[in-house]
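Heads up: the structure comes next, in structure tokens.
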Amino acid sequence: MVSGSKSKEYSFLEALGIQRGDVVCFSGAGGKTSLMFRLAGEAREQNLKVLVTTSTKILVPDVDQYDALDLSGKLFSPASVVAPGIYVGGKPTPVAGKMTGVAVDLLSCKRKLYDLLLIEADGSATKPLKGWNSTEPVIPDFATKTIGILDIQTIGSNICEALVHRLEIFCELTGCTVGEPVSI
């Protein structure tokens, strides 16, 4: 860097090429929800209306992570999505503290209310790696970007049940064995 020049700080939105109008799905393990809410916060700082939801199931976020929460399954009325902010929408599940997404056709109809949609497209039971079953990830056909996430900190760790969601499927997909170290 030349003396006296300023370096530009890039946001995650810029680094990932995410723009107004995008529908971004997150798949993988070890950081999907954190990245999704980091991006939502950056978008809110840019005065965007952001819908955060899931196409499967996620934990209901903490109250300090959003500006409005709608678990009615209706994804907010047009009159309630007027200000920039983070809108979290879905439906409650029988498991306390969890939510599920809404029907894809409803999501498609309501997406024009928001400047940006962020969708967690699969779960990993809070483990840093996972084996995908045949129904995952659940990505709507109108998604514009998909971001795959793997926890780099797992490299060198031994493959085991505590590290991998659906260990048997993971081993089948990767050809690895239990106890073997994770490698690139």
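Heavy-atom basis, side chains included; hydrogens, waters and symmetry copies ignored.
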Taking only distance into account, with no hydrogens and no angle test, what donor-acceptor pairs under 3.5 Å do side-chain atoms of residues 94-102 form with protein atoms, sequence neighbours excluded?
residue, atom, partner, partner atom, Å
T100, OG1, T56, O, 2.8

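- Between Q153 and P128, every side-chain heavy-atom pair lies at or beyond the 4.5 Å cut-off.
- F76 pairs by the ring-ring contact (aromatic ring centres under 6.0 Å, His included) definition with Y87, not counting sequence neighbours.
- Partners of R20 according to the side chain to side chain donor-acceptor pair (under 3.5 Å) rule, which considers only residues two or more places apart in sequence or in another chain, are D115.
- Under the rule for a side chain to side chain donor-acceptor pair (under 3.5 Å), the partners of T135 that lie at least two apart in sequence or sit in another chain are N133.
- Separation of atoms CD1 (I58) and NZ (K32) is listed at 10.0 Å; rounding is to 0.5 Å.
- Other cluster members for V82: none, since no ILVMFWY side-chain heavy atom sits under 4.5 Å from it.
- Within a 6.0 Å radius of CD1 in I152, other residues, nucleotides and ligands contribute 12 heavy atoms or fewer.
- Following chains of ILVMFWY side-chain contacts shorter than 4.5 Å, one cannot reach L71 starting from Y114, and the two form parts of different hydrophobic clusters.
- F12 CZ: 12 or fewer foreign heavy atoms inside a 6.0 Å radius.
- Around NZ of K74, the count of heavy atoms belonging to other residues, nucleotides or ligands within 6.0 Å does not exceed 12.
- Tracing side-chain contacts under 4.5 Å through hydrophobic residues (I, L, V, M, F, W, Y), one never reaches I149 starting from I119; they form parts of separate clusters.
- Note that the NZ atom of K145 and the CD1 atom of I139 stand 13.5 Å from one another [nearest 0.5 Å].
- A distance of 8.5 Å separates CD1 in I169 from NZ in K130, rounded to the nearest 0.5 Å.
- Nearest approach of V104 to P140, heavy atoms of both residues: CG1-CB, 4.1 Å.
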Which atom pairs, one a donor and one an acceptor, fall under 3.5 Å between side chains of residues 177-184 and the rest of the protein, sequence neighbours left out?
residue, atom, partner, partner atom, Å
T177, OG1, E180, OE1, 3.2
E180, OE1, T177, N, 2.9

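- When atom types are taken as modelled, the side chain of K57 and the backbone of T93 share no donor-acceptor pair closer than 3.5 angstrom.
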Atom pairs and distances, donor-acceptor, side-chain atoms in residues 157-166, under 3.5 Å, two or more places apart:
residue, atom, partner, partner atom, Å
S157, OG, T154, O, 3.2
R166, NH1, G131, O, 3.2
R166, NH1, E136, OE1, 2.5

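- Legend: residues meeting side chain to side chain donor-acceptor pair (under 3.5 Å) with S80, ordered by chain and number and at least two apart, are S77.
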Show me the side-chain donor-acceptor pairs of residues 23-30 shorter than 3.5 Å, one per line, residues at least two apart or across chains.
residue, atom, partner, partner atom, Å
S27, OG, D122, OD2, 2.9
S27, OG, W132, NE1, 3.4

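- At a threshold of 4.5 Å between side-chain heavy atoms, the hydrophobic network of Ile, Leu, Val, Met, Phe, Trp and Tyr places V88 and V60 in one connected group.
- The closest side-chain heavy-atom distance from L116 to L39 is not below 4.5 Å.
- Crowding of Q46 atom CD: a count of heavy atoms from other residues, nucleotides or ligands under 6.0 Å exceeding 12.
- Atom-to-atom distance recorded for E120:CD and I147:CD1 is 12.0 Å, nearest 0.5 angstrom.
- Applying the side chain to side chain donor-acceptor pair (under 3.5 Å) criterion to S72, with sequence neighbours excluded, gives D70.
- When hydrophobic clusters are built by joining Ile, Leu, Val, Met, Phe, Trp and Tyr residues whose side-chain heavy atoms come closer than 4.5 Å, directly or via intermediates, L48 is grouped together with L35.
- The list of side chain to side chain donor-acceptor pair (under 3.5 Å) pairs with a residue in residues 59-68, not counting sequence neighbours, reads R44-D67.
- Hydrophobic clustering keeps I18 apart from L117 (ILVMFWY residues linked when any side-chain heavy atoms are closer than 4.5 Å, directly or through intermediates).
- Residues forming a side-chain contact (heavy atoms from CB on, under 4.5 Å) with E168 (at least two apart in sequence, or on another chain): none.
- Contact annotation: the side chain of L113 never approaches that of K49 to less than 4.5 Å [non-hydrogen atoms, C-beta and beyond].
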Verdict with supporting geometry, L107 and L75, side-chain contact (heavy atoms from CB on, under 4.5 Å): CA-CA 8 Å; L107 185 58; L75 289 183; 3.7 Å; yes

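- Looking at heavy atoms from C-beta onward, V52 lies out of side-chain contact with P61 at the 4.5 angstrom threshold.
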